Amino acid sequence: MSEIRVRFAPSPTGYLHIGGVRTALFNWLYARHEGGTFILRIEDTDRDRSTEEAIAAILEGLRWVGLTWDEGPYRQTDRLELYRQKAMELFDRGLAYWCVCTPEELEARRKEAQEKGEPVKYDGRCREKRILTPTQPAALRFKSPQEGVTVINDLIKGHIQFDNTVLDDLIILRSNGYPTYNFSVVIDDALMGITHVIRGDDHVNNTPRQIPLFDALGYPVPKFAHLPMILGADKTRLSKRHGATSILAYRDMGYLPEAMVNYLVRLGWAYGDQELFSIEEMIEKFSFDHVQKSPAVFNPDKLLWMNGEYIKQADSKRLAELLIPFLKAKGYDPHGPVQPVGGIEALIPPLRERAKTLVEMAEWALPYVTDPIAIDEEAAKKFLTPDILPSLRKFAEYVEGLETFSKETLESVLHRVLDEDGLKMGKLAQPLRVALTGRTFSPGIYDVMLLLGKERTLQRLERVLHSLDCKGHLD
RNA sequence: GUCCCCAUCGUCUAGUCUGGCCUAGGACGCCGGCCUUUCAAGCCGGCAACACGGGUUCAAAUCCCGUUGGGGACGCCA
């Protein structure tokens with residue numbers, strides 16, 4: 001069996017979006033599954049819209065999700081001479097011709113056809129002009145076959161057939177000398193030995209235009225697999241209107257790349273009832289047999305759930321490292337005096353069950369990495385009431401006398417206060433929680449104190465007791 | 001408008017090719033309960049779909065035709 005070669009070929013006209021990542025992912029998975037080669041090619045023949053920043057963002061995005069490429073990135077602008085050569089070869093063989101219609105004229109004719117309800121198609125008026133050396137700006141057009149049918153046996157969609165009368169004489173070389181997409185893609189796919197073209201199904205209609213080009217140039221036609229689109233909640237194509245669509249925006253929102261990949265692979269592909277896949281499992285189980293034919297709606301809720309699942313599983317040390325930038329954004333100083341006992345890594349076990357993103361986790365972590373803390377007004381009003389002060393004070397005193405500050409000793413001291421004052425756990429735990437974290441929700445109260453350490457625990461209790469004593473309210 | 005594709009819970013999907021095991025399964029979300037020092041997590045339960053109409057067949061979510069609905073494409077963009 002010959003080697004499988006696939007490619008991801010984004011155009012650098014904007015950021016790398018969700019749909020692009022999924023296309024790249026399916027290519028990558030297929031290559032890895034087959035032991036083939038995954039190639040990255042930048043299609044930057046649109047001189048006006050391609051940018052270096054976009055290229056950088058694409059590479060960064062792919063690296064973030066771990067879709068490493070085996071060859072490339074190739075850039076089409078490095079290969080312009082090649083396309084021109086091949087285009088002129090077609091011209092010399094009488095398979096292409098110069099067209100001197102201006103973009104404005106073409107636009108006007110298109111509009112007219114549209115209005116009359118006629119097929120919007122180039123009328124071929126320059127086809128028989130036989131211009132040898134154009135004296136005015138001219139584009140080179142390919143003579144598309146006008147008889148018969150072109151058939152695609154798509155790996156996902158199956159048999160698709162087009163009547164060749166629908167084919168335009170498409171421009172292969174612009175008047176500025178740059179090739180157009182439909183031409184450069186064919187040249188590159190052929191010359192790079194691409195065996196399987198895996199791309200979004202917005203390209204289905206381009207395929208019957210490209211196949212005759214492969215044929216005309218004497219190249220073998222690769223196999224095609226057209227992936228269904230990803231839609232927004234309103235069932236229109238995913239775009240900025242649906243919120244974040246740049247893959248890097250998800251990184252910045254605190255998503256884990258493996259969660260992103262897992263979510264995306266399940267959008268349009270399934271393996272029985274399984275939801276969670278390791279990368280190895282995806283590679284092993286991936287096949288076009290179970291790729292959906294119809295578009296899928298992007299569901300942020302499910303992605304969020306999945307991210308939570310991965311946060312629960314992730315290695316603590318790695319999670320701690322990933323968390324630090326998010327902590328910094330909230331005012332944490334990695335070299336400052338305010339550190340949780342046991343370091344940032346100690347934060348992970350109590351917080352990972354509660355947070356679905358790193359941003360949320362940083363929010364939960366705030367009371368342990370910053371000082372002083374803000375105390376929620378509502379919470380203080382409800383729980384830091386005069387009647388509980390004596391018990392809080394007593395608890396502080398007992399804690400102060402503790403030789404070992406552990407879950408066991410804290411538990412016994414707390415229960416001692418409960419017994420002596422005839423209180424239920426909830427009655428004292430909530431005020432304590434508010435005094436120590438400023439909030440009504442937190443990890444278990446013993447975990448909180450352990451993370452804070454004896455000194456900071458007492459400090460925070462004192463602060464509350466003191467200001468309530470003196471002023472009857474908090475600062 | 002023309003061409004291409006698609007159609008199972010709100011969403012992602014299993015089942016469709018190789019009709020019967022489907023009173024249609026799982027997951028997210030939602031609702032209820034349990035657990036409980038809060039919030040989560042966890043556990044248990046519930047609501048919820050074969051677009052419609054014709055065929056074929058003993059039997060259709062599964063096969064065929066039509067309708068409707070949805071998506072995509074019609075650039076000197078990719």
Side-chain angles (χ1 to χ4, degrees), chain A residues 9-13 43-46 48-50 99 101-103 106-107 110 113-122 137-141 152 154 157-158 160-163 165-166 168 170-176 178-182 184-185 199-208 226 228-229 231 233 235-237 263 266-276 289-290 292-306 308 312 350-356 364 379 383 414 418 424-430 432-434 437 439-446 448:
Chain A
S11 72
T13 51
E43 310 222 321
D44 56 350
T45 54
D46 185 342
D48 299 328
R49 296 194 303 151
S50 298
C99 171
C101 300
T102 66
L106 293 169
E107 178 59 34
R110 248 195 308 276
Q114 187 88 262
E115 279 163 6
K116 284 190 189 165
E118 288 167 1
V120 182
K121 181 181 165 182
Y122 177 62
L140 198 61
R141 282 187 190 267
I152 312 170
D154 194 271
K157 309 235 179 205
I160 306 174
Q161 186 168 314
F162 295 84
D163 199 319
T165 53
V166 306
D168 279 72
L170 62 260
I171 288 175
I172 57 179
L173 220 53
R174 299 178 171 96
S175 52
N176 68 5
Y178 278 60
T180 54
Y181 164 74
N182 275 308
S184 54
V185 78
R199 67 207 336 180
D201 73 7
D202 48 339
H203 285 292
V204 166
N205 290 281
N206 285 142
T207 310
H226 287 100
M229 301 274 93
L231 311 179
K235 302 218 175 195
T236 64
R237 221 177 144 154
Y263 177 72
R266 282 287 290 102
L267 218 48
W269 176 77
Y271 188 81
D273 286 339
Q274 191 172 344
E275 295 288 352
L276 269 15
D289 295 349
H290 293 281
Q292 212 72 14
K293 292 177 174 182
S294 43
V297 173
F298 182 81
N299 181 351
D301 281 338
K302 189 162 183 178
L303 169 62
L304 190 61
W305 164 78
M306 203 167 263
K312 278 176 218 151
L351 298 192
R352 71 185 336 158
E353 299 291 312
R354 285 162 239 268
K356 286 196 158 75
W364 277 93
F383 293 107
L414 186 68
L418 257 28
K424 288 203 165 184
M425 178 60 108
K427 192 74 183 155
L428 188 54
Q430 276 306 75
L432 207 45
R433 193 182 313 281
V434 175
T437 67
R439 310 163 172 190
T440 55
F441 52 90
S442 81
I445 198 66
Y446 304 118
V448 169

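In this text the structure is predicted, and so the values were computed from the model without any measurement. Within every chain, numbering begins at 1; the chains are lettered A, B, ... in the order of the sequence lines, protein sequences first and strands thereafter.
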Colleague: Among residues at least two apart in sequence or on other chains, which ones pass salt bridge (Lys or Arg N to Asp or Glu O under 4.0 Å) with A/Arg352?
Modeller: none
Colleague: Residues two or more places apart in sequence or in another chain: which of them pass side-chain contact (heavy atoms from CB on, under 4.5 Å) with A/Ala429?
Modeller: A/Met425, A/Arg433
Colleague: Pick base, sugar-phosphate or nothing for A/Asn206, based on heavy-atom distances below 4.0 Å to the nucleic acid.
Modeller: base
Colleague: Let's test this: given Watson-Crick or G-U wobble pairing with both distances under 3.5 Å, identify the partner of B/U16.
Modeller: none
Colleague: So A/Asp163 and A/Thr165, side chain to side chain donor-acceptor pair (under 3.5 Å) or not? Walk me through it.
Modeller: CA-CA 5 Å; A/Asp163 199 319; A/Thr165 53; 3.2 Å; yes
Colleague: How would you give the extent of chain A contacts on RNA chain B, as first and last nucleotide 5' to 3' within a 4.0 Å heavy-atom cut-off?
Modeller: B/G1 to B/A78
Colleague: Not counting sequence neighbours, which residues clear salt bridge (Lys or Arg N to Asp or Glu O under 4.0 Å) with A/Glu43? List them please.
Modeller: A/Arg41
Colleague: Expressed in whole Å, how much space separates the P atoms belonging to B/U62 and B/A51?
Modeller: 8 Å
Colleague: If we take the P atom in both B/G45 and B/A27, what is their distance in whole Å?
Modeller: 11 Å
Colleague: I'd like to check the side chain to side chain donor-acceptor pair (under 3.5 Å) partners of A/Lys121; sequence neighbours left out, ordered by chain and number.
Modeller: A/Gln146
Colleague: What does A/Phe162 touch in the nucleic acid at a heavy-atom separation under 4.0 angstrom: a base, only the sugar-phosphate, or nothing?
Modeller: sugar-phosphate
Colleague: Is A/Val204 touching bases, backbone alone, or none of the nucleic acid, heavy atoms closer than 4.0 Å?
Modeller: sugar-phosphate
Colleague: Give A/Glu115 one of three labels, base, sugar-phosphate or nothing, depending on what nucleic acid heavy atoms sit under 4.0 Å from its own.
Modeller: nothing
Colleague: Whom does B/C22 pair with, Watson-Crick or G-U wobble, provided both distances fall under 3.5 Å?
Modeller: none
Colleague: Using purine N1 to pyrimidine N3 plus N6-O4 or O6-N4 for Watson-Crick, or N1-O2 and O6-N3 for G-U wobble, both under 3.5 Å, which nucleotide pairs with B/A48?
Modeller: none
Colleague: Report which part of the nucleic acid A/Thr180 touches: base, sugar-phosphate, or nothing (heavy-atom distance under 4.0 Å, all strands).
Modeller: sugar-phosphate
Colleague: Taking the nucleotide of RNA chain B with the nearest heavy atom to each, does A/Lys121 or A/Asp48 sit closer to the 5' end?
Modeller: A/Lys121
Colleague: Heavy atoms only, 4.0 Å cut-off, all strands: where does A/Arg237 land among base, sugar-phosphate and nothing?
Modeller: sugar-phosphate
Colleague: Can you list everything that forms a side-chain contact (heavy atoms from CB on, under 4.5 Å) with A/Ser50? Sequence neighbours excluded, please.
Modeller: A/Pro12, A/Thr13, A/Asp44, A/Asp46
Colleague: Please name the nucleotide paired to B/U2 by Watson-Crick or G-U wobble geometry with both distances under 3.5 Å, or report none.
Modeller: B/A73
Colleague: With C1' as the reference atom in both, quote the distance from B/A40 to B/U16 in angstrom, rounded to an integer.
Modeller: 41 Å
Colleague: How would you label the contact of A/Thr13 with the nucleic acid (heavy atoms, under 4.0 Å): base, sugar-phosphate, or nothing?
Modeller: nothing
Colleague: I want to confirm an ordering. Mapping A/Ile160 and A/Ile171 to their closest nucleotides on RNA chain B, which one lands closer to the 5' end?
Modeller: A/Ile160
Colleague: With heavy atoms under 4.0 Å as the rule, sort A/Lys427 into base, sugar-phosphate or nothing.
Modeller: nothing
Colleague: Which is true for A/Arg110 with a 4.0 Å heavy-atom rule: it touches a base, it touches only sugar-phosphate, or it touches nothing?
Modeller: sugar-phosphate
Colleague: Rounded to whole angstrom, note down the C1' distance from B/C21 over to B/C34.
Modeller: 35 Å
